[in-house]
Amino acid sequence: MSTDRITQADKELWQRLATGPVASPEVSDLEFAAWLEGRLSETQAARIEAAVATNPEMRRAAMDLSEILGMPLPAAPPRMAVRAQALVGFEAERAAPRHGWLRSLLGLGGGFALPRAAMATAAVMIAISGFMLGGGLGESYAKERYGNSGTVVSSQNSNELTAFFASDGI
Amino acid sequence: MTELNQIDLRVLATGNKRAWDTFVVASTPLINAVVRRTLSTYRLSEEDVMDAAQDVYVRLCANDFRLLKTYDPARAGLSTWLAVVARSSAVDHARRRRQGTTPIDDVPEVALAVEDRHVEKLKIPAGLLTERQTLILKYLYDEERDVAEVAQLLKIDAQTVRSTHHKALLRLREHFKEESP
């Protein structure tokens, strides 16, 4: 402490004295910040100073903050920022789909559009090849029209139903 | 890097992710410094520093950024207000952590100190000293702070602190009939 003008007698006098029990006024964070910056009028500042004078925690807070705000600050650990940033969600998660289901299905506008297109083309080619090897629609149609007649099939179905009911004793 | 005073608070309070990330990057050095300083008297771990800093950000964005929306740039700078909020949040964190589990040897002496009630002290009548005079005497004698530190805090020059201190003591001596040596 600077003792150039503060004598032992002054200190002893102060130690024999006690400030009266003063009700500490409520001080908001914003008021305290404004006082720290010296933005308040004399009357407004007096109210804060009365509170600070009666509260040791506020006195320490004022001194600590005044010192911190007046010095260059070291960088914070990167993990501190990463954790804090995770508190507010990502825009992509919160935004409604803007391009419709078809665009999102095809991946248009996304970073994987080309691989998705290649995969889709390959799938279509395989499907067509399989269809062609199986004879396609033409062979199925021919079988339906010129192959076994529908009456035979229906009589077979009818016989199966009769046998089923007979086995249940109906 | 974006400075804190360049942050668009209206956008930030809407929950904009990019604005929040920018705000976090700009504010972590301050929050880190305040939390670290506040917890230093409580001898808590590095993990506590991280958690207390996280508490500050949780407070700021909780309930749809309610606390952040109370900030008024016309009344105080964002850095100063954030520092006050961070300090308050860190003290709460330290008190929660300390509840019922800390050995008495780990509690700083200043936190355990109690006033000696057996010593009869003369009461300073209300109104004898101004609030500023009382504050300056408290800082100089009770906190044993330097005149320069008090001057920096009160945004006045050191000579003003000395003269305020001098006038306050004159009033006290006059009232209590003390003789200066």
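First the proteins, then the strands, lettered A, B, ... as listed; each starts at 1. Side-chain atoms are counted along with the backbone in the values below, which use heavy atoms only and exclude waters and symmetry mates.
Proximity to chain B is limited to the side chain of Ile68(A), based on heavy atoms less than 4.5 angstrom apart. Looking at Val91(B), only its side chain comes within 4.5 Å of chain A, counting heavy atoms on both sides. Contacts of Ala83(B) with chain A are made by both backbone and side-chain atoms, with heavy-atom separations under 4.5 Å. Of the two parts of Ala52(B), neither the backbone nor the side chain holds a non-hydrogen atom closer than 4.5 Å to a non-hydrogen atom of chain A. With a threshold of 4.5 angstrom between heavy atoms, Leu65(A) approaches chain B through side-chain atoms but not through N, CA, C or O. In this structure, chain B has heavy atoms under 4.5 Å from both the backbone and the side chain of Ala62(A). Proximity to chain A is limited to the side chain of Glu143(B), based on heavy atoms less than 4.5 angstrom apart. Of the two parts of Glu42(A), neither the backbone nor the side chain holds a non-hydrogen atom closer than 4.5 Å to a non-hydrogen atom of chain B. Using a 4.5 Å cut-off between heavy atoms, Arg75(B) contacts chain A through both its backbone and its side chain. Contacts between Leu30(A) and chain B at a heavy-atom distance below 4.5 Å involve backbone atoms as well as side-chain atoms. Heavy atoms of Lys155(B) lying under 4.5 Å from chain A belong exclusively to its side chain. For Thr38(B), no part lies under 4.5 angstrom from a heavy atom of chain A. For Arg47(A), no part lies near chain B; criterion is any non-hydrogen pair under 4.5 Å.
Checked for salt-bridge contact, Arg87(B) and Glu57(A) meet the test: a charged N lies under 4.0 Å from a carboxylate O. Between Arg79(A) and Glu47(B) there is a salt bridge, with a side-chain nitrogen of the basic residue lying less than 4.0 Å from a carboxylate oxygen of the acidic one. The pair Asp55(B)-Arg96(B) counts as a salt bridge, with a side-chain nitrogen and a carboxylate oxygen less than 4.0 angstrom apart.
Put simply, of Glu31(A), Met80(A), Arg59(A), the one with the most heavy-atom pairs under 4.5 Å next to chain B is Arg59(A). Most heavy-atom pairs under 4.5 Å with chain A: of the set Ile31(B), Val84(B), Val34(B), Leu129(B), this distinction falls to Val84(B). The residue among Ala61(A), Pro78(A), Ala75(A) with the most heavy atom pairs within less than 4.5 Å of chain B is Ala61(A).
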Could you give me the CA-CA distance, side-chain angles and deciding distance for Phe176(B) and Leu17(A), then say whether side-chain contact (heavy atoms from CB on, under 4.5 Å) is met? CA-CA 10 Å; Phe176(B) 293 106; Leu17(A) 303 176; 3.5 Å; yes
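Using a 4.5 Å cut-off on side-chain heavy atoms (C-beta onward), Asn32(B) and Arg36(B) make contact. The closest side-chain heavy-atom distance from Thr22(B) to Gln6(B) is not below 4.5 Å. In this structure the side chain of Tyr141(B) reaches within 4.5 angstrom of the side chain of Asp10(A), judged on heavy atoms.
Linking ILVMFWY side-chain heavy atoms closer than 4.5 Å, directly or via other members, places Leu30(B) and Val82(A) in two distinct hydrophobic clusters. Using a 4.5 Å cut-off between side-chain heavy atoms of Ile, Leu, Val, Met, Phe, Trp and Tyr, with links allowed through other members, Val11(B) and Val25(B) fall into different hydrophobic clusters.
A side chain to side chain contact (heavy atoms under 4.5 Å, CB included) with Arg145(B) holds for exactly one of Leu153(B), Val161(B), Val150(B); it is Val150(B).
Under the salt bridge (Lys or Arg N to Asp or Glu O under 4.0 Å) criterion, Glu37(A) pairs with Arg39(A), not counting sequence neighbours.
Heavy-atom neighbours of chain A within the stretch residues 59-68 of chain B, taken at a separation under 4.5 angstrom, comprise Cys61(B), Phe65(B).
Nearest heavy-atom pair across Leu73(A) and Ala33(B) is CD2-CB, 3.7 Å. Closest approach of Leu39(B) to Ala90(B), counting heavy atoms only: CD2-O, 3.6 Å.
Between Phe23(B) and Trp20(B), the ring-plane angle classifies as tilted under the 30° and 60° cut-offs.
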